[in-house]
Amino acid sequence: MNILNLLLLIWLLVLTVMVIFSYRTRIIYIKKIKNKRDTRAKRYVIFDIISEDNFEIREIEEAVRNSVKELGGKIWLDLSNPKVIMIYNNRGIISTNRIGYKIIIASLPLIKKIKNKEVLLVPRRTTGSLKRAKRLIGIE
């Protein structure tokens with residue numbers, strides 16, 4: 001048993017020396033996140049509401065959250081965290097992050113009814129600033 005422990009200790013020492021040596025000579029490529037702000041960057045999805053009825057922001061947000069949960073599960077709902085910011089002239093803006101904007105775009109066409117009223121949400125454009133998103137839906 002002592003021989004096995006000795007061999008294991010020597011093996012771990014050799015591996016440690018190799019890792020330290022390779023880190024200094026850049027043999028092993030280690031990717032570092034240079035800017036953590038990029039992972040938290042906001043994305044704004046602009047969408048059109050095709051319906052004869054008018055809806056409140058909380059009703060649309062609830063429908064979006066349900067469709068994301070249906071498509072990607074609770075994990076993707078927590079990652080994307082969609083929030084409907086505003087609705088103006090049958091256009092709206094959803095705020096999300098860089099990780100989850102694609103699942104928001106994919107889940108919008110799955111919404112067929114809100115409060116037993118037929119509706120179709122069509123994603124139009126994604127932008128990185130709220131000012132630009134407001135300009136695109138017609139608010140100056």
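All of these numbers come straight from a predicted model, not from anything done at the bench.
- Between E118 and K112 there is no side-chain heavy-atom pair separated by less than 4.5 Å.
- R91 places a side-chain N or O within 3.5 Å of a backbone atom of L136 that can act as its donor or acceptor partner.
- I87 is not connected to I85 by any chain of hydrophobic side-chain contacts under 4.5 Å among Ile, Leu, Val, Met, Phe, Trp and Tyr, and they are in different clusters.
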Could you go step by step and tell me if E59 and K115 meet the side-chain contact (heavy atoms from CB on, under 4.5 Å) rule?
-> CA-CA 8 Å; E59 294 173 346; K115 300 287 182 182; 4.0 Å; yes
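- Applying side-chain contact (heavy atoms from CB on, under 4.5 Å) to T96 and the options I104, V64, I103, T126 leaves one that passes, I104.
- Nearest approach of F55 to I114, heavy atoms of both residues: CE2-O, 3.6 Å.
- In this structure the side chain of L7 reaches within 4.5 angstrom of the side chain of I3, judged on heavy atoms.
- Taken from CG in L110 to OG in S67, the straight-line distance is 6.0 Å, to the nearest 0.5 Å.
- More than 12 heavy atoms of other residues, nucleotides or ligands lie within 6.0 Å of CZ in R135, so this atom counts as buried by the packing criterion.
- Residues N81 and R65 share a closest heavy-atom pair of OD1-NH1, 3.4 Å.
- Considering OG of S51 and NZ of K113, their distance stands at 11.5 Å, rounded to 0.5 Å.
- To the nearest 0.5 Å, atom OG of residue S80 and atom CD1 of residue I99 are 9.5 Å apart.
- Applying the 6.0 Å contact sphere to CD1 of I75 captures no more than 12 heavy atoms from other residues, nucleotides or ligands.
- At a threshold of 4.5 Å between side-chain heavy atoms, the hydrophobic network of Ile, Leu, Val, Met, Phe, Trp and Tyr places I50 and Y88 in two separate groups.
- Across all non-hydrogen atoms, the minimal contact from L77 to V68 is CA-CG1, 3.9 Å.
- Using a 4.5 Å cut-off between side-chain heavy atoms of Ile, Leu, Val, Met, Phe, Trp and Tyr, with links allowed through other members, W76 and L121 fall into the same hydrophobic cluster.
- For the side-chain contact (heavy atoms from CB on, under 4.5 Å) criterion with F47, the lone passing option out of I93, N90, I60 is I60.
- Judged by distance alone, the side chain of R98 and the main-chain N or O of K42 form no donor-acceptor pair under 3.5 Å.
- Cluster membership for V119 and I105, using ILVMFWY side-chain heavy atoms within less than 4.5 angstrom, is shared.
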Walk me through it: do N89 and I137 pass the test side-chain contact (heavy atoms from CB on, under 4.5 Å)?
-> CA-CA 8 Å; N89 288 342; I137 66 171; over 6 Å; no
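- Applying the side-chain contact (heavy atoms from CB on, under 4.5 Å) test between L108 and each of L120, V122, I94, D48 identifies I94 as the sole match.
- Residues R132 and T127 come closest through the heavy atom pair CG-OG1, 3.3 Å.
- Residues M86 and I139 come closest through the heavy atom pair SD-CD1, 3.5 Å.
- In terms of heavy-atom proximity, Y44 sits nearest to L130 at CE1-N, 3.4 Å.
- Under the 4.5 Å side-chain heavy-atom criterion for Ile, Leu, Val, Met, Phe, Trp and Tyr, I49 and V84 are members of the same hydrophobic cluster.
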